Amino acid sequence: MRDSNCTRCRLSAGCAKVCDILRGQERSEIMVIGETPDARGNNGRIRALLSRHGIHNPYFASAVNCEPPRGKKPTEAQIKSCRLYVFKQIRKIKPKFVLLMGNAAIFSIKSMKGINKARGRPFEHRGIIYLPTWTPGYIFYDPATEATIDRDIKLFADIIAAGEIPREKKLHYTLVDTKKKLMRMLAKLRGEVAFDIETTGLFPWQRHSRVTALVFAIRGKQWVIPGHHRESPWYDFEEVVAMIDRRIRKRNVRLITHNGKFDYLWMKVHFNVDWQKFAYFDTMIAHYLLDENSNHGLKRLAQVYLGAPDWDVDRETKVDGPMKELSFYAAHDGYYTLQLKHVFAMMLRNEPGVRQVFHRIMMPVVRLFVQIEFNGVYVDVSQFKKAELELDRRIIEAEKKLAECTAKVKDFPEDFNWGSPPQVADLLYNRLKLPVVERTEKGNPSVSESVLMRTDHPLARALIEFRGAKQQRSFFIEGWKPYLVNSWLHPSFKLHGTVTGRLSCENPNLQQVPRDGFIRSLITAPPGWEFIEADLSQIELRIAAELARSKSLIKVFTSGGDAHWLTALTEIQRGRGKKKEVLFTGKALAGKPVKYNEAIRLMLKAGPDACIDILPAWKELRKKAKAVNFGYLYGMWWKKFKIYARDNYGVDVDDEQAQESRTNFFELYPELESWHRRQKNTARTQGYVTSLSGRRRRLPHALLSEDTPQRREAERQAINSPVQGFANELNLMVAIQMSEEYGIDKVRLCGTVHDSIIFLVKKKYVPQVYRRVLQIMRRPKLMDELNIHMKVPIEGEAKIGPWSKGVTLERWQSQQASKVVTFSSLAKRASSRSQRSGLQIAA
DNA sequence: TACTCTAGCGCG
DNA sequence: AAAGCGCGCTAGAGTA
């Protein structure tokens, strides 16, 4: 079979043993194909993996039979030329089952690229069943891959045992294509029902997008109802939905979904039904709470928890394929969603704290965010267009400056791209011979803003301006355009987007709009409404104070103070710094000259706002302290503080000063250190930490016996996660309560940004809602219901008006008053005109 | 042609 | 010895 004189490809030239095909095991019906001879189990790893599942002595082959040079992978051409031998072996051995390990193996058989798409999905070819999986070589680089390979090998063993690709036996689905079948289904819709839909896309507002099928599943039975699909028998699918809707309402069905926010939102947008109100259990969210570190895809979970076979079909089938295949796929989704519900409900029972977060916070959040995403945010389109022109202007101006800077550079390329970091690096460090100050993670010379700020060249400034304008344009102008539906954006919130319990946001990401207001203020209220942002002030610091039981922090908060201000003033007081400014402000506050310490005391008492009014420079100081507070609070070391001070304030702090600043911080808040120790110990002993709500943050790396960077990282996460996560949960509690207390005729929530909620209020309810949201923020009722009690008071702030340009209620009311005056005078003039012309003005 | 990675930067 | 945490989006460049 082998040809030791093979010269079909270049590999044979530099290879010790040409065409290294083994003999033996030639009667096996099981074959394993690896990448190269080295991967053929001679290290024992594959054998060990296989024998774990009772597979002994298979026939080993490989995609290429000459070992490539160290560190080199065989090329496609080489695999193709070696394919001959692979096929020869298959013909001779006549295996029934073949395990394909790695990219090269699957390419050899199928000429198909992308192991990740094929992995774990058995296929049949000329009477042989193939199963692709990863190459075991990956285990060496990432131990986590072993579990996946192991699962695939288990599936392989199952295939061998069954003699065929396993199909789910309990799947009994009906394609609901007649009225009779529909009526029979409706009769059975009661209690817990899994629900899923198939669609032509991901964005329900997309033109021509359709819901192609609905799926319902109860124990032992699934139904697939063709929707807007070319094979659908329903000429009036809306009526079918209405019938189901009536049944769901009447029976108060408990709907079970996997990422139901998606399905409910589509149903609301396309059929105007509010099925999210019946959302009872979401398996994706449940799994997110049970294991925040892994993926939450339905297919993976079904494989892991239920040993399910892979039922995925290709994208075209899923999007708009034949109903026969689409329904097969859809029925599996429904079936496994219901099965997973049972598994996760059981697991949640073992973790009561997590279960409480699931039912009392996250499921209401699912229901709420269907409405929030449906509402969307309003964009002032005429301002949007103006902003685009302004950014264009800035870009052109910056380009002009850059051109001036490079006019003298000889053979400056025509097509130079200022947006390309490698090209800029080449210009700065090779052509202009500027010194390399910093390198990127990969070791390339860095051209980041931090570096440019320290670069003494007129080019640097212009480049920063260019990048700023360019980025804003592509992020927020070009980036938003595809998502603008009339004047509305509908960002999608990922409820499972972070490991800490925060939400993330995408398409577009509302949570990263620059705060300077240039873009932010484009988001505002439509006529008749007001835009309000309400945020929980210094919430993370308050939670940290509570958890650490920090005396000084608790004192600041109970006396209505500002912790960032306290840090700032304590820091300058220690070195008796800013003497002139302190004495000046103290004098203004007291109305007479005071001594330094007395002035500090007065400034502390008066708070930052009053002091900033007297001397605007205090604003910078507080901002600086804020960042320092967060940094040290979460384990920042003094070296990073130095970098921070340099990049943000252009202050070069020496090592000693930096170390002192950290020491001072923990002297001011000594309990923070012991709290840090407690969190680290908890994580190290039990492998997870718990937040005030009962949510868990699992940190397996904290269990490592050695003090590695990985363990250090886990320890810092043990400090940060319960604070960050709970802050967001508080925010969600407020959002939930707001939506419960006000109908959408009064208040429309648009989104949350970690510690704030943004919403629209019908104009005449503004004062009432404004006051109420601040009340709720002080004490959301869910806190009491979940028996969570905090010593530290919670406070909120709210602003009315375009985002980032809002004002307090007092200011807003006085503005309204003046508007009414001008309006009524206008109306008077208009009415006298209209009387003259015989017109009447509508009230 | 389409995907993945890197650098850089916006937010809390 | 080495040390804030958590995200998403874009362009450019590399890879299959």
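Numbers restart at 1 for each chain; the letters A, B, ... are given by sequence-line order, proteins then strands. Since this is a predicted model, take the numbers as computed values, not measurements.
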Between P on C:dG8 and OH on A:Y483, what's the gap in Å once rounded to a whole number? 13 Å
Rounded to whole Å, the CG-P distance (A:L427 to C:dG12) equals 16 Å
Which residues in residues 497-506 of chain A have at least one heavy atom lying under 4.0 Å from any atom of DNA chain C? A:G497, A:T498, A:V499, A:T500, A:R502, A:S504, A:C505, A:E506
Sequence neighbours excluded, the answer for side chain to side chain donor-acceptor pair (under 3.5 Å) partners of A:H564 is A:N629
For A:N681, all residues meeting side chain to side chain contact (heavy atoms under 4.5 Å, CB included), sequence neighbours excluded: A:R684
Atom pair distance, as rounded to whole Å: OH in A:Y429 and P in B:dA7: 13 Å
Test of understanding: with ring-ring contact (aromatic ring centres under 6.0 Å, His included), list the residues that count as partners of A:F665, not counting sequence neighbours. A:Y632, A:Y669
Per atom distances to the A:R697 side chain, the nearest of C:dC9, C:dG6, B:dC9 is C:dG6
So, is the end of the A:R520 side chain (NZ or CZ) under 6.0 Å from the ring centre of A:W803 and within 45° of the ring's axis? yes
If you compare every side-chain N and O of A:R662 against the phosphate oxygens of C:dA3 (OP1, OP2), does one of them come in below 4.0 Å? no
Contacts of A:A625 meeting side chain to side chain contact (heavy atoms under 4.5 Å, CB included) (sequence neighbours excluded), chain-then-number -> A:T567, A:A568
Rounded to whole Å, CG of A:D755 lies from C1' of C:dC7 at a distance of 14 Å
Touch class at under 4.0 angstrom, heavy-atom based, for A:K494 against every strand present: sugar-phosphate
What is the nucleic acid contact for A:S446, judged by heavy atoms within less than 4.0 Å: base, sugar-phosphate only, or nothing? sugar-phosphate
With sequence neighbours excluded, residues passing side chain to side chain contact (heavy atoms under 4.5 Å, CB included) with A:S474: none
Contact under 4.0 Å: A:N728 side-chain N or O vs C:dG6 OP1/OP2: no
Pairing residues for A:H754 by the ring-ring contact (aromatic ring centres under 6.0 Å, His included) criterion, not counting sequence neighbours: none
Name the nucleic acid region contacted by A:P709, choosing base, sugar-phosphate or nothing; use a 4.0 angstrom heavy-atom cut-off, strictly under. nothing
Taking Watson-Crick (N1-N3 plus N6-O4 or O6-N4) and G-U wobble (N1-O2, O6-N3), each under 3.5 Å, can you produce the dot-bracket string of DNA chain C? Use [ ] for crossing pairs and | for inter-strand ones. ....||||||||||||
Using only side-chain N and O atoms of A:R473, determine if any of them is under 4.0 Å from OP1 or OP2 of B:dC9. no
Starting from C1' on B:dC11, measure out to CZ on A:F493 and report it in whole angstrom. 13 Å
Residues at least two apart in sequence or cross-chain that pass side chain to side chain contact (heavy atoms under 4.5 Å, CB included) with A:W637, listed by chain then number, are A:R662
Tell me the interatomic distance from A:N509, atom CG, to C:dT10, atom P, rounded to whole angstroms. 10 Å
Quick one: A:W638 CH2 to C:dG4 P, roughly how many Å, whole number? 12 Å
Residues in residues 710-726 of chain A with a heavy atom under 4.0 Å of DNA chain B, by number, are A:Q724
Would you indicate which nucleotide in C:dA11, C:dG12, C:dG4 comes nearest to any side-chain atom of A:S474? C:dA11
Could you name each residue pair satisfying salt bridge (charged side-chain N to carboxylate O under 4.0 Å, His left out) that touches residues 629-642 of chain A, not counting sequence neighbours? A:K642-A:D655
Within the distance-only criterion (no hydrogens, no angle test), does the side chain of A:E438 pair as donor or acceptor with the backbone N or O of A:P445 below 3.5 angstrom? no
Applying ring-ring contact (aromatic ring centres under 6.0 Å, His included) to A:F557 and not counting sequence neighbours gives none
Starting at CD1 of A:I464 and ending at C1' of B:dG8, how long is that distance when rounded to a whole Å? 12 Å
Regarding A:E449, tell me which of base, sugar-phosphate or nothing describes its non-hydrogen contacts under 4.0 Å with the strands shown. sugar-phosphate
Does a side-chain N or O from A:N444 land closer than 4.0 Å to OP1 or OP2 of B:dT6, or not? no
Can you check whether any acceptor in the base of C:dG8 is under 3.5 Å from a donor in the side chain of A:Q512, or vice versa? yes
Between A:S81 and A:Q78 (side chain of the first, backbone of the second, donor and acceptor by atom type, cut-off under 3.5 Å), is there such a pair? yes
Hey, is the main chain of A:R698 close enough, under 3.5 Å, to the side chain of A:E292 for a donor-acceptor pair? yes
Identify which nucleotide among B:dG8, B:dG10, C:dG4 has an atom closest to any side-chain atom of A:Y634, counting heavy atoms from C-beta outward. C:dG4
B:dC9 phosphate, OP1 or OP2: any side-chain N/O from A:R467 under 4.0 angstrom? yes
